[in-house]
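As structure tokens, the structure follows; a few thoughts come after it.
Note on naming: letters A, B, ... go to the chains in the order of the sequence lines (proteins, then strands), and numbering restarts at 1 for each one.
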Protein chains: 2
Amino acid sequence: MFSIGEFSKLTGLTVKTLRFYHEQNLLLPSRVDGQSGYRYYSEDKIEIARMISTLRELEFTISDIHEILSQYDDEADILQYVEQHLDFISQRMKQDRLTIQSLRKILNKEKEAMKMMQAAGFEMQEKEIESLLVAGIRMKGRYCDCGKGFAELGKKVGRYMHGKPMMLCYDTEYREEDANYEVCFPVNEKCRSRNIEGVSVRELPAGKCLSLLHRGPYDELRRSYEVLMRIVNERNLELEEFSREIYIKGPGIIFRGNPKKYLTEIQLFYK
Amino acid sequence: MFSIGEFSKLTGLTVKTLRFYHEQNLLLPSRVDGQSGYRYYSEDKIEIARMISTLRELEFTISDIHEILSQYDDEADILQYVEQHLDFISQRMKQDRLTIQSLRKILNKEKEAMKMMQAAGFEMQEKEIESLLVAGIRMKGRYCDCGKGFAELGKKVGRYMHGKPMMLCYDTEYREEDANYEVCFPVNEKCRSRNIEGVSVRELPAGKCLSLLHRGPYDELRRSYEVLMRIVNERNLELEEFSREIYIKGPGIIFRGNPKKYLTEIQLFYK
DNA sequence: TTTACGGTCTACACCAACGGGAGAGTCAAC
DNA sequence: GTTGACTCTCCCGTTGGTGTAGACCGTAAA
């Protein structure tokens with residue numbers, strides 16, 4: 001006969017846990033001293049304790065263990081419990097996988113944005129941009145409706161996405177209404193052969209551009225455009241058909257309402 | 001201003017949850033009627049509620065959310081929280097993966113054993129056995145010491161294991177002590193090229209045998225051997241150097257103490 | 001015999017994130 | 001005024017234990 005402390009050391013279960021299992025009628029002491037209330041465990045309880053810890057390590061609930069131990073004595077008899085439990089754990093793992101995906105997405109998004117910021121700074125730069133495969137949806141109307149376009153694009157080609165969302169602006173001057181633009185995502189090669197309704201997949205040509213990183217809400221973008229346009233005029237550059245806006249950091253997954261930290265790269269291509 | 005019920009429908013959070021978040025100072029109503037105690041939420045609380053649900057979906061704790069919302073307003077600021085949380089979830093997933101592995105192992109073991117039992121029945125059979133790649137450790141001593149051998153074998157070649165554990169018995173008669181046997185595992189081809197100290201990897205030749213399924217504890221195996229030996233003598237068969245015991249079902253991972261359900265196949269090879 | 005010290009006892013509170021239900025009060029429409 | 005839907009507070013239950021307080025027990029040294 002072992003005292004509860006000795007039995008605890010033998011089985012690896014804490015004294016508290018042993019008392020709890022006693023209360024739950026899961027692992028009864030062999031004898032309880034009537035006067036002192038001390039619990040005493042005989043050797044044959046060790047095997048039961050081992051079974052219980054094994055089942056707990058497999059994350060069975062106490063009530064499952066209760067049923068299993070009181071009704072069966074062979075693994076073949078509890079296959080339905082095991083299968084059910086396997087389903088349960090698999091379910092949880094699936095959920096965790098999704099959670100991890102989302103968390104990774106947040107991390108990657110922010111880390112990329114930080115890298116971009118450090119690399120670029122907030123000065124105007126002249127850049128040589130390589131050609132870029134994109135999928136886009138042409139839009140007409142207000143700029144602020146672009147969200148719908150991005151949502152649709154996300155549904156249709158989200159899985160091929162390979163870079164930050166962009167906008168191609170076909171207007172030569174700012175328009176409140178009836179603007180002419182295209183929302184698009186850089187996509188990977190798998191998307192090239194796809195023919196998706198309403199979506200244009202094509203390669204944007206390489207070229208030279210003036211680039212400026214804009215920090216702040218979208219309705220202040222005009223100021224950055226003005227800065228760039230002054231330079232264009234000074235240098236007498238001839239602009240290409242459309243400019244690009246690259247949304248390096250927009251509304252986050254968690255925090256959406258702080259446009260002060262939005263980060264947008266404007267690229268004005270010239271010939 | 002929305003009543004708690006309306007706000008609940010808008011946000012997808014239950015009324016109970018909203019009251020709980022109020023109690024936790026996480027999502028305060030915009031106004032609480034002094035007399036009736038009714039909670040009223042203004043529109044700007046919707047965004048906060050969305051953030052909270054998003055964070056809860058990502059399985060952040062209430063206290064994490066509290067810190068996050070009260071101190072920060074941009075995803076870049078909470079990267080350390082996200083990373084830490086990612087670690088935590090990954091850890092849990094890793095644990096779950098192990099649990100699932102163990103549960104699958106139990107299922108597979110039992111299902112294989114059941115298949116074998118149904119296929120074989122408990123009659124003596126004549127079988128043609130194909131050649132079999134095994135890894136084995138030669139033992140001398142008592143049969144009941146074979147557990148140590150299997151443990152060592154499991155450590156050294158467990159990852160190549162490809163079938164039920166077996167024993168090769170080199171004795172022509174039963175010996176209590178000083179028995180001469182070899183514990184072994186069938187292994188896959190990856191093991192063939194390995195040179196592992198103390199372990200012999202080789203191909204057991206194909207051949208004909210008398211096979212009998214024995215159900216019950218190992219110390220009753222002799223009875224089944226006797227049954228087989230009578231037939232050997234009747235037919236005047238000449239036996240090969242060693243017989244095989246295949247442990248189709250032995251002590252389980254959970255239940256170990258019911259040898260009545262153990263299942264062992266005895267194979268006596270003859271020329 | 002007393003005292004010290006460690007082991008053990010019961011009983012209660014606590015964790016996380018709510019859900020259920022009782023009993024009472026409130027709001028808005030008819 | 002009444003009805004029915006809504007809301008309030010308060011308390012309990014969940015899961016698998018852990019932490020703590022205050023009392024009791026057992027054994028050995030002084």
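At least one side-chain nitrogen or oxygen of Thr14(A) sits closer than 4.0 Å to the OP1 or OP2 atom of dT18(D). OP1 or OP2 of dC18(C) has at least one side-chain nitrogen or oxygen of Tyr21(B) nearer than 4.0 Å. Between Arg56(B) and the phosphate of dC18(C), there is a side-chain N or O to OP1/OP2 separation shorter than 4.0 Å. Contact annotation: Thr17(A) side-chain N/O to dT18(D) OP1/OP2 distance is under 4.0 Å.
As judged by a 4.0 angstrom heavy-atom cut-off over every strand, Arg19(B) is placed among the base-contacting residues.
Following rounding to the nearest Å, Gln24(A) (CD) and dG13(D) (P) show an atom-to-atom distance of 14 Å. Separating the CD atom of Glu23(A) from the P atom of dG16(D) is a distance of 13 Å, rounded to the nearest angstrom. Rounded to whole Å, the distance from CD on Gln35(A) to C1' on dG26(D) is 12 Å. Note: CG (Leu18(B)) to P (dC18(C)) measures 10 Å, nearest angstrom. Computed from coordinates, the Ile65(A) CD1 to dT15(D) P distance equals 13 Å when rounded to whole Å. Between Glu6(B) atom CD and dA5(D) atom P the separation is 16 Å, expressed in whole Å. The nearest whole Å value for the distance from the NE2 atom in His66(A) to the P atom in dG16(D) is 12 Å. Nucleotide dG19(C) holds its C1' atom 14 Å from the CD1 atom of Ile4(B), rounded to whole Å.
Under the 30°/60° scheme for interplanar angles, the aromatic rings of Tyr247(A) and Phe150(A) are found to stand perpendicular. Ring pair Tyr72(B)/Tyr81(B) is perpendicular by interplanar angle, where above 60° counts as perpendicular and below 30° as parallel.
For Glu112(A) and Lys115(A), the salt-bridge test fails: no basic side-chain N is under 4.0 Å from an acidic carboxylate O. Contact check on Glu110(A) versus Lys261(A) returns no salt bridge, with no Lys/Arg side-chain nitrogen under 4.0 Å from an Asp/Glu carboxylate oxygen.
One can find a donor-acceptor pair under 3.5 Å joining the base of dG21(C) and the side-chain atoms of Lys16(B). For dC6(D), the base has a donor-acceptor partner in the side chain of Tyr38(B) [N/O atoms by modelled type, under 3.5 angstrom].
Here the two rings, on Phe2(A) and Tyr40(A), have centers that are 6.0 Å apart or farther.
Residues Asp33(B) and Tyr40(A) both approach DNA chain C. Their nearest nucleotides, taken by heavy-atom distance, put Tyr40(A) toward the 5′ side. Between Ser3(B) and Ile62(A), the residue whose closest nucleotide on DNA chain D is further toward the 5' end is Ser3(B). Comparing Ser63(B) and Ser36(B) against DNA chain C, the residue whose closest nucleotide sits nearer the 5' end is Ser63(B).
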